[in-house]
Amino acid sequence: MKLNEPQEQAVHTIKGRVLVLAGAGSGKTRVIVHRIAHLISRGVDPQSILGLTFTNKAAAEMRHRLESLIGANVGKQVTLCTFHSFCMQVLRKEIERLGYTNQFSLYDERDMNRLIQQLTREMLGHDGELPSLGPTKAALTNAANRGQTAEEGTWHDSFSKDLYGRLTSSLRAYNAVSFDSLISLAIQLFEEHPAVLERFQERYQYLMIDEYQDTNPAQFRLAELLSKKYQNLCVVGDDDQSIYGWRGAEVKNILNFKADHTIKLEQNYRSTSIILEAANAVIRNNQNRYDKKLWSANQKDEPIEVFNAPTDIDEANAVINRIIRLHDQGLKWKDMAILYRSNALSRQFEVALMQASWQKEGKWMRGIPYEVFGGLEFSERSEIKDLLAYLRAIANPLDQEALLRIINVPRRGISDAYLDQLTQANRSSNTPLWNVLEKAAGEKKALSAFVDLMKEAALRFKTPPLADTLTWLIDKINYKKAIEEEVKSEKMRAFKWENVQECVNALAQEEGGSLQDFIANTTLNRQTMQNKSKKGHEDKVHLMTFHSAKGLEFPACFLVGLEDGILPHEKSMMQTGLEEERRLFYVGITRAQKHLTLSMARTRMRMGKTSPTNPSRFLFEIPKTLYKVADHKIFA
DNA sequence: TAAATCCGCCTTTTT
DNA sequence: GGCGGATTTA
C-alpha cells in the first residue's frame with residue numbers, strides 16, 4: 001500500500017527536528033520503519049541511526065518490520081532498543097568514569113524494595129514500626145527520574161530525602177544501578193564528559209523516538225543531549241495515548257516540542273469506522289488533550305460486542321468460545337488478543353485456554369496455544385532468582401543483595417545470627433561485605449568453602465561456554481538435592497528442575513555475550529529467558545496488559561474485566577487520575593482492527609473472595625448505536 | 001539450626 | 001489465596 005501524503009512527508013523530512021503527531025492506527029510504526037529505510041537509501045549509514053522505544057515489545061516489533069522491509073543484514077545494523085537498554089549499553093562501556101566498575105549490577109524493583117526496607121529499618125531502629133513506603137518510593141523514583149541528588153530534589157519530608165541519599169550511596173557501594181538511575185547516570189556521564197557525549201553524537205546522527213508522549217524528564221534530557229550536535233531528532237507520538245504518567249512521563253514534552261517540521265497523521269488505517277467512532281467518543285471526554293480529527297475510510301462492518309457474564313470464570317469461557325469461533329472462521333490464533341488492565345487478570349483466561357476443546361480438520365484438540373506477555377512469573381520463580389543471584393554475585397562481588405540471597409542457599413550452615421554479625425562489621429567498617437567474608441573465611445569452614453566456591457566460579461566464568469560452567473555450578477552447590485529436600489510435591493520438583501534447565505538453556509543462547517550481558521538482558525527484558533528458547537512470531541493467542549499492547553494491533557481484540565475498580569483502577573484516582581485511565585481504554589479499543597469485544601463479570605474473585613462488580617463507567621461513553629449487548633453464552 | 005506456623009500485605013500499569 | 005518475612009516450636 002502506498003503511503004499517504006502526510007506519511008510521505010514524515011518519511012522524507014530527514015533533517016532537523018521533526019514532530020510527528022500520529023493518531024492511533026495512523027501507520028506510525030510504518031512511517032518510522034519507512035523513514036529509516038529512506039534514510040539508508042539516501043546514503044545514511046544504518047549504524048548511525050538510533051531508534052528508541054519504551055517497551056521491549058515495541059522495539060522487537062519495529063525490528064521485525066524493518067528487517068522484513070530492508071532485509072535482516074542491513075536492518076540489524078540499525079540500533080533499535082528501549083531507552084533503558086540503550087543506557088545499559090552506554091554505561092557498560094563508560095561507567096568507570098563515574099566511579100563504578102563495568103561489572104555493575106542492575107537492580108530491579110524487588111532488589112530496590114528490599115534495599116529500601118533494609119535502609120529504613122536501619123534508620124528507624126529495629127523495633128520501630130515501618131512506615132508505609134508507597135509515597136516515599138514515588139518520591140524517590142521522581143527524584144531519580146529527574147537525575148537529582150538528595151540536595152536538589154523536592155521532598156515532603158526529611159525522611160525521604162535522607163533515605164534517597166543513603167540509597168544512592170548504597171547502590172554505589174554495591175556497584176549497582178537501578179532502572180531509574182540507568183538513565184540519569186547516562187545523562188550524568190554525558191554532561192560530565194563532553195568527549196564521550198560527542199562520540200555518541202557522532203555515532204548516532206539520526207535519532208528517532210517512538211511514543212514520545214511517554215518520555216519522562218530524564219529521557220527528554222537524554223534525547224536533547226544526543227541530538228544536540230546534529231539536531232536530527234524525529235519524535236513520534238500521540239497525547240491521547242499517554243499512559244505512563246505514573247512513571248513520571250510528561251505529556252508537555254510532546255506538546256511543547258520545538259519542531260522545525262510538524263506533521264499530523266490523522267487517517268486511521270487500522271480499525272473499522274465503528275471501532276474508531278467508539279474510541280473517539282470515549283476519548284472526547286478528556287479535557288486535557290489536543291482536539292484532533294482521526295478519521296477512517298474503512299467501512300462500518302460489524303458492531304462491537306459487549307457482554308456481562310455472571311462470574312469471572314464464565315467471562316473467560318465466553319471469551320474463549322468466541323476465540324474458537326473466530327478461529328473456525330479462518331482467523332489465526334495469533335490474530336487474536338486478550339487485553340486487560342492488570343496482570344493478575346490473565347489467570348482465568350489461561351485456565352480456560354488450556355482446557356478449551358476445538359476441532360482441527362474434524363479432530364478434537366485440547367488446549368489453545370497462547371502466550372502471556374509481561375507478568376513476572378518466570379524470572380520471579382525462586383529457583384531462577386537463586387541462580388541469577390549466584391551469577392550476579394559472581395560477576396559483581398560487591399552486589400550485596402545478591403550475595404545475601406545466596407550465601408546460605410542451598411543451606412550450608414551460615415546462620416542468620418552469624419550473618420548479622422558479619423554485616424554489622426561490614427557496615428561499621430564501611431568495607432564491602434565480600435571483603436569481610438574473605439577476611440572471616442578462616443573462622444568458619446562453611447564460610448571458607450563458600451568464598452572458595454565463588455572465587456573458583458568467577459575464574460571459570462571467564463572462559464566460555466558459560467552454560468557449561470553454570471551446569472558445573474549447579475552441580476557443585478548440589479542444587480538438585482536442595483530442590484528435592486525443599487519441595488514436597490513431585491510435580492513441583494520436576495517443574496522447578498525444568499526451570500533450572502531452562503535457565504541453563506537461556507544462558508547457552510547468549511553465545512558470544514558475557515555473563516554481564518546475560519544478567520543485564522534478563523533483568524531488562526522479562527521475556528528473554530522464556531522467549532529465547534521459543535520462537536518469536538508463533539501462532540498463539542496473545543495475552544497482555546493494555547500497557548504492553550500499545551503500539552500493537554490485532555484483527556480481533558477482547559478487552560476484558562471492564563469493571564469499575566479495575567478500569568478505571570481504584571488506585572489510579574489519587575495518582576494519575578481518571579483521564580489517564582480513559583486513555584488506557586482508548587489505547588485498548590484502538591488495538592482492534594475488525595472485531596472488538598468488551599466484557600466484564602458481575603462477580604469476581606478478588607484476593608480469595610467473591611465480590612459483586614459494576615461495569616466500567618467508560619462503557620457508558622460509547623454510543624449505543626455502535627455496540628450490541630450479547631448474552632455471554634449466545635453468539636451474536 | 002531447621003521446620004512449622006502465623007501474619008500481613010498484596011495487585012496497577014514497565015524498564 | 002499466595003508469598004515473603006517473622007515468630008514460635010521441635
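The sequence lines fix the lettering, A, B, ..., with proteins before strands; numbering per chain opens at 1.
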Q | Sequence-aligned protein contact record of nucleotides 3-10 of chain C, with B where the base is within under 4.0 Å of a protein heavy atom and S where only the sugar-phosphate is | A | -SSS----

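Nearest heavy-atom pair, Leu524(A) versus Phe179(A), reported as atom, atom and distance to 0.1 Å: CD2-CE2, 3.8 Å.
With rounding to whole Å, Asp214(A) atom CG is found 12 Å from dT14(B) atom P. As rounded to whole Å, 10 Å separates atom C1' of dT11(B) from atom CD1 of Ile566(A). Taking atom CG on Leu91(A) and atom P on dT15(B), their separation rounds to 18 Å, with Å as the unit. Rounded to an integer number of Å, the gap from His547(A) NE2 to dT13(B) P is 9 Å. As a whole-Å value, the separation of Lys571(A) NZ from dT11(B) P is 7 Å. The CD-C1' distance, from Glu580(A) to dT13(B), rounds to 8 Å in whole Å. Atom-to-atom, CG of Leu345(A) to C1' of dT11(B) comes out at 9 Å; the value is rounded to the nearest Å. Regarding Phe86(A), its CZ atom lies at a distance of 18 Å from the P atom of dT15(B), rounded to whole Å.
Within the nucleic acid shown, Phe83(A) has no heavy atom closer than 4.0 Å to any nucleic acid atom.
Atom CD of Glu191(A) is surrounded by more than 12 heavy atoms from other residues, nucleotides or ligands within 6.0 Å.
Close to dT14(B), at under 4.0 Å from its OP1 or OP2, lies a side-chain N or O of Thr545(A). Side-chain nitrogen and oxygen atoms of Thr82(A) include none within less than 4.0 Å of the OP1 or OP2 phosphate oxygen of dT14(B). Phosphate contact (OP1/OP2 of dT11(B), side-chain N/O of Asn343(A), threshold under 4.0 Å): absent. Considering only side-chain N and O atoms, Asn56(A) lies nowhere under 4.0 angstrom from the phosphate OP1 or OP2 of dT14(B).
No close placement of the Tyr479(A) and Tyr390(A) rings is indicated, their centers lying 6.0 Å or farther apart. The distance between the ring centers of Phe554(A) and His542(A) falls below 6.0 angstrom.
If you check dT11(B), dT13(B), dT15(B) against the side chain of His569(A), the one that comes closest is dT11(B).
The side chain to side chain donor-acceptor pair (under 3.5 Å) check on Arg247(A) picks up nothing, with sequence neighbours excluded.
Between His547(A) and Trp246(A), the ring planes are perpendicular. Angles over 60° get that label, and only those under 30° would be called parallel.
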Q.
With side chain to side chain donor-acceptor pair (under 3.5 Å) as the criterion, how do Ser184(A) and Ser181(A) come out once you've worked through the C-alpha distance, each side chain's angles and the decisive distance to 0.1 Å?
A. CA-CA 5 Å; Ser184(A) 48; Ser181(A) 61; 5.2 Å; no

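In terms of position along DNA chain B, the nucleotide closest to Arg606(A) lies nearer the 5' end than the nucleotide closest to the other residue of the pair His84(A) and Arg606(A).
Centre separation under 5.5 Å together with a plane angle under 30° does not hold for the ring of Phe546(A) and the six-membered base ring of dT13(B), so they are not marked as stacked.
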